[in-house]
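Here the structure comes first, spelled out in structure tokens, and everything after it is commentary.
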Amino acid sequence: MPPTTSADRREQGAALVLTMLVLMVILVVVFQTDVLSHAERDQAAYYVSNAQMYYLAEACAMQAGSVLLMDVEEKQSGGEDGGGGLGVGADGGLGFGGGDDGGGEGEDGGTSAAQVTMDTDSYLDEWMNPAALAPPLGEGFTLYVEVRDEDSKINMLGLWTEDEEKREEWREVFERLLDKAFEGTSFDFSAIDATDVIDELDDWVKGQRGRFRETPLPPLKTSRAEDEAKKDSKLDTDIIENEERHFPLTIPELELIPGVEREHVWGFVEDDEYHPGLMEYLTVWSELELKDPPAEEDGEFEDSPFAGSVFDDEMNEDDVEEPEDAEISANPTANGRVNANTASLVVLRALAPEEIPNAFLDRVIEFRERIHELRDEWEDTLGDLGAQGAGSVFGDRPEGQDEDEENDPAHYVFQTEDEVFDKVEAEWELSVFSDDEQRSKFTERLGVLSNVFTIKILIQEPESGRRATYRTVVWRMESDGEDPRIITLLPLEPYEDTRRPQDYPEDLQERTDRRFERPDGSRYDLG
């Protein structure tokens, strides 16, 4: 065997290096292929999950809309299909409406809970029950649906009402709201801060938007009153012309106002406590009106629901034809009045004149919360009430339940604005030291009905730990002699909900604990 030369040894080294280079290239190609395949798989799974969540949110919104319609249909039918309700008799005893006229009086002649739900919107209504709002869908997902009435909030557009005296009153209300909304937090507004924000907002409405001056603005419809004033040439020249008004169309526009942070609008968590944002206290939806049909030459709008026809022609193919002159009509909305049965403490504090003590407003909230306490007591005795349907809120009285006013849920609903004082003062045998003028100023800002609602949907996926939140705003339109209908004001959209699972009501936490467990007993971490 011939001896190995130095040249041969150099060739053997080159072969080794070449082999290592080829191996490295193969490893890089395999790794890249694996990464790309996983990325494509994750993208596909993410897309499928997003689609599932959106369609589940649509189903939840439809279910919530149906519950809202059922509520008003029962009111219009006078409870003919109701199953009987809980009521207080003339002697203070607990009566039960029964049979076909469950919306009427109880056995002792009292007003039943079913009758109260026909006359008001409150915690007794089925749309306040999340268990009735979530459809039986979405295996593998946790669904939570809640309806919040926009009429429980203060209409921000009241700041620019044409009545100068009213405008000053609503400015004071808005200042109190900003001053009290975030007390005790790092995002607290002082009284001076609140005044500055309103001044900036006034400039915004007048079109003085600083660096946002060049932002294109959508044309806004005039109100019915403005249309009439223009026809009669009665429009006050001192009032800003509609073309020069730049009213905020949504509450999130407040983020563009100097001094207003994102946390102020959407809410935040501080010291492990959730604080709601201005989205929960303000609205632009609580005063709605239908405009007259457009002129005949506006042919492209002739089939619009707001142009005079009740439904689109395609929707009526299988239904009874509507008369040619049929037009949509709508009963008046709350006209900016805030529902005393559902308004938050912050809103009530802002609406109440300074002469009405905060301690009394705390009692108002405590008085209303008694409905939830009664529901919990009845659920402990009878089981899940959600399965009993919307016909009866509390079902049959549990055996041994005392027949007195304290156990009547209808007692804790304000059927008129004046009952805010009458019932609360009687409950605690107290007297609010304020004159009739201050009481009237407070009660004239209150109502007991709601027309516009925000539907919020939370969807959680245990496997991935992902969650998504959606919302839509609807008008539950009522009209005399016509079926109620749901008009979408804000289409279903994702939105930012800063709440954590523990910030939702307890029933969500229980559902989360139950559905977010692994087979081995450990839990998914949802953050």
Side-chain angles (χ1 to χ4, degrees), residues 121-122 147-163 165-183 187-189 191 193-195 197-202 204-205 247-255 257 259-260 264-267 275-289 332-354 356 358 361-362 364-365 368 414 417 420 438-454 456 471 473 475 489-490:
D121 286 292
S122 68
V147 172
R148 180 71 187 274
D149 58 323
E150 292 294 300
D151 295 293
S152 67
K153 307 174 185 178
I154 295 173
N155 194 320
M156 184 171 63
L157 300 180
L159 286 170
W160 302 286
T161 181
E162 294 182 2
D163 187 318
E165 184 178 346
K166 292 291 185 183
R167 195 158 59 238
E168 286 301 317
E169 289 182 6
W170 282 110
R171 182 183 177 94
E172 293 175 5
V173 168
F174 199 78
E175 286 179 350
R176 283 199 297 271
L177 176 73
L178 294 178
D179 185 29
K180 299 178 184 298
F182 307 105
E183 285 183 334
F187 291 95
D188 185 29
F189 283 116
D193 293 334
T195 301
V197 167
I198 296 177
D199 289 340
E200 293 283 356
L201 194 54
D202 276 336
W204 177 271
V205 171
F247 294 134
L249 301 181
T250 61
I251 301 302
E253 287 184 47
L254 291 174
E255 289 185 50
I257 304 298
V260 179
H264 288 132
V265 176
W266 297 99
H275 299 272
L278 294 176
M279 290 285 292
E280 299 302 315
Y281 305 135
L282 295 173
T283 184
V284 294
W285 301 108
S286 63
E287 188 169 355
L288 301 174
E289 67 174 6
T333 59
N335 294 328
R337 287 174 171 258
V338 176
N339 192 334
N341 291 305
T342 56
S344 64
L345 179 59
V346 170
V347 169
L348 292 178
R349 285 179 175 176
L351 292 173
E354 295 290 348
I356 297 178
N358 287 337
L361 302 176
D362 292 336
V364 172
I365 299 297
R368 291 181 348 202
F414 303 123
E417 299 80 10
V420 173
Q438 299 302 322
R439 290 191 179 210
S440 297
K441 183 181 291 187
F442 184 35
T443 54
E444 72 182 9
R445 295 169 180 169
L446 301 177
V448 294
L449 294 171
S450 298
N451 304 97
V452 183
F453 304 85
T454 292
K456 296 181 179 180
R471 68 167 179 173
V473 180
W475 177 10
L489 302 176
L490 182 69

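As a basis for the values below, the full set of heavy atoms in this structure was taken, side chains included, without hydrogen atoms, waters or symmetry mates. This one's a predicted model, so the numbers in the text were calculated from it and none came from an experiment.
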Measure the shortest side-chain to side-chain distance between [X] and [Y] over non-hydrogen atoms and say whether it is less than 4.5 angstrom.
X: Val284; Y: Thr250; value: no
X: Pro248; Y: Met156; value: yes
X: Val448; Y: Asn341; value: yes
X: Arg171; Y: Thr195; value: yes
X: Leu278; Y: Leu254; value: yes

Excluding sequence neighbours, so at least two apart, what forms side chain to side chain donor-acceptor pair (under 3.5 Å) with [X]?
X: Thr454; result: Glu150
X: Lys441; result: none
X: Arg471; result: Glu493
X: Glu255; result: Arg262, Trp266

For a side chain to side chain donor-acceptor pair (under 3.5 Å) check, start with the C-alpha distance between Asp151 and Trp285, then their side-chain angles and the critical distance, and finish with the verdict. CA-CA 8 Å; Asp151 295 293; Trp285 301 108; over 6 Å; no
Over all heavy atoms of both residues, which pair between [X] and [Y] is shortest? Give the atoms and the distance, please.
X: Ala194; Y: Leu178; value: CB-CB, 3.7 Å
X: Val452; Y: Leu489; value: CG1-CD1, 3.9 Å
X: Leu159; Y: Leu201; value: CD1-CD2, 3.9 Å
X: Met279; Y: Lys153; value: O-NZ, 3.0 Å
X: Leu446; Y: Glu417; value: O-CG, 3.1 Å
X: Leu348; Y: Leu361; value: O-CD1, 3.7 Å

Test salt bridge (Lys or Arg N to Asp or Glu O under 4.0 Å) applied to Glu168 - qualifying residues, sequence neighbours left out: none
From the list Thr161, Ile154, Asn155, side-chain contact (heavy atoms from CB on, under 4.5 Å) partner of Leu157 resolves to Asn155
His264 meets the ring pair (Phe, Tyr, Trp, His ring centres under 6.0 Å) criterion, sequence neighbours left out, with Phe182, Phe187, Phe189
Given side chain to side chain contact (heavy atoms under 4.5 Å, CB included), test Glu354 with Arg176 step by step and report yes or no. CA-CA 9 Å; Glu354 295 290 348; Arg176 283 199 297 271; 3.1 Å; yes
Roughly how far apart are Phe442 CZ and Leu351 CG, rounded to 0.5 Å? 6.0 Å
Apply the test side chain to side chain donor-acceptor pair (under 3.5 Å) to residues Ser450 and Asp149: give CA-CA distance (whole Å), side-chain angles for both, the deciding distance (0.1 Å), then the verdict. CA-CA 6 Å; Ser450 298; Asp149 58 323; 2.7 Å; yes
